[in-house]
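This report concerns only the one structure given below.
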Amino acid sequence: MRHTDSEDFIKDFIKEDVELQFQYIKASFEDNWDVPEAIMSAIRQVAEIRGISQLAKDSDLNRENLYRVLSGNTFPRIDTFFKVINALGMRVTVETKKGSA
């Protein structure tokens, strides 16, 4: 997986703070709802900070599959996506958009 300078900066900034990691992924969902590659990039960055091997174990996925899922070249099945989110200690919720009925 190739990293950009901005990705390295973000990872350095959030690596010691789990709450910042959560906020980073949350902001990615909110700002990039129509750009799944950006959302997966944020998840990958947090996964790399926490350790791919540990995340694979916690999500009950093999490391190779997890690397493939996080590569950005493919999108995971919904059950795999939720396993990864859950292993990161997060959950996805649905709510109405502001200004929507």
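Residues: numbered from 1 along the sequence shown. Since this is a predicted model, take the numbers as computed values, not measurements.
Ser28 and Ala38 get closest at one heavy-atom pair: OG-O, 3.3 Å. Taking all atoms of both residues into account, the shortest heavy-atom contact from Arg63 to Ala56 is CG-CB, 3.8 Å. Of all non-hydrogen atoms in Ile39 and Trp33, the two that sit nearest each other are CD1-CA, 4.3 Å.
Counting only distance, with no hydrogens or angles, the side chain of Asn86 and the backbone of Phe82 share no donor-acceptor pair below 3.5 Å. Between the side chain of Asp17 and the backbone N or O of Leu20 there is at least one donor-acceptor pair closer than 3.5 Å. Distance alone, capped at 3.5 Å, is enough to place a donor-acceptor pair between the Gln21 side chain and the Ile14 backbone.
Screening residues 70-87 for salt bridge (charged side-chain N to carboxylate O under 4.0 Å, His left out) gives Arg77-Asp79 as the qualifying pairs, with residues at least two apart or on separate chains. Among pairs with a residue in residues 84-93, none fulfils salt bridge (charged side-chain N to carboxylate O under 4.0 Å, His left out), at least two apart in sequence or across chains.
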Give the C-alpha distance, both sets of side-chain angles, the deciding distance and a yes or no for side chain to side chain contact (heavy atoms under 4.5 Å, CB included) between Leu61 and Val69. CA-CA 10 Å; Leu61 299 168; Val69 165; 5.6 Å; no
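Distance check: Ile43 CD1 to Tyr24 OH gives 10.5 Å after rounding to the nearest 0.5 Å. Summarising the geometry, atom CG belonging to Asp8 is positioned 6.5 Å from atom CG belonging to Asp12; distances are rounded to the nearest 0.5 Å. From Ile52, atom CD1 reaches atom OH of Tyr67 across 5.0 Å, with rounding to the nearest 0.5 Å. One distance of note links CD of Gln23 with CD of Glu30; it measures 8.0 Å at 0.5 Å rounding. Atoms CG and NZ, on Asp31 and Lys26 in that order, are 11.0 Å from each other to the nearest 0.5 Å. Here the straight-line distance linking atom CD of Gln45 with atom CD of Glu7 works out to 4.5 Å at 0.5 Å rounding.
Linking ILVMFWY residues whenever their side-chain heavy atoms come closer than 4.5 Å, directly or via other members, leaves Leu88 and Val18 in distinct clusters. Hydrophobic cluster membership is shared by Phe81 and Met90, with clusters built from Ile, Leu, Val, Met, Phe, Trp and Tyr side chains linked at under 4.5 angstrom. Val92 and Ile25 fall within a single hydrophobic cluster, where Ile, Leu, Val, Met, Phe, Trp and Tyr side chains are chained together by heavy-atom contacts under 4.5 Å.
Taking Asn65 as the reference, Arg68 meet the side chain to side chain donor-acceptor pair (under 3.5 Å) condition, with sequence neighbours excluded.
A salt bridge links Glu48 with Arg44: the closest approach of a Lys/Arg side-chain nitrogen to an acidic carboxylate oxygen falls below 4.0 angstrom.
Using modelled atom types and a 3.5 Å distance limit, the side chains of Glu37 and Ser41 yield no donor-acceptor pair.
Between Leu55 and Val46 the shortest side-chain heavy-atom distance does not fall below 4.5 Å. You'll find the side chain of Pro76 reaches within 4.5 Å of the side chain of Met40, heavy atoms only.
Counting heavy-atom neighbours within 6.0 Å of Phe29 CZ, excluding the residue itself, gives a total above 12.
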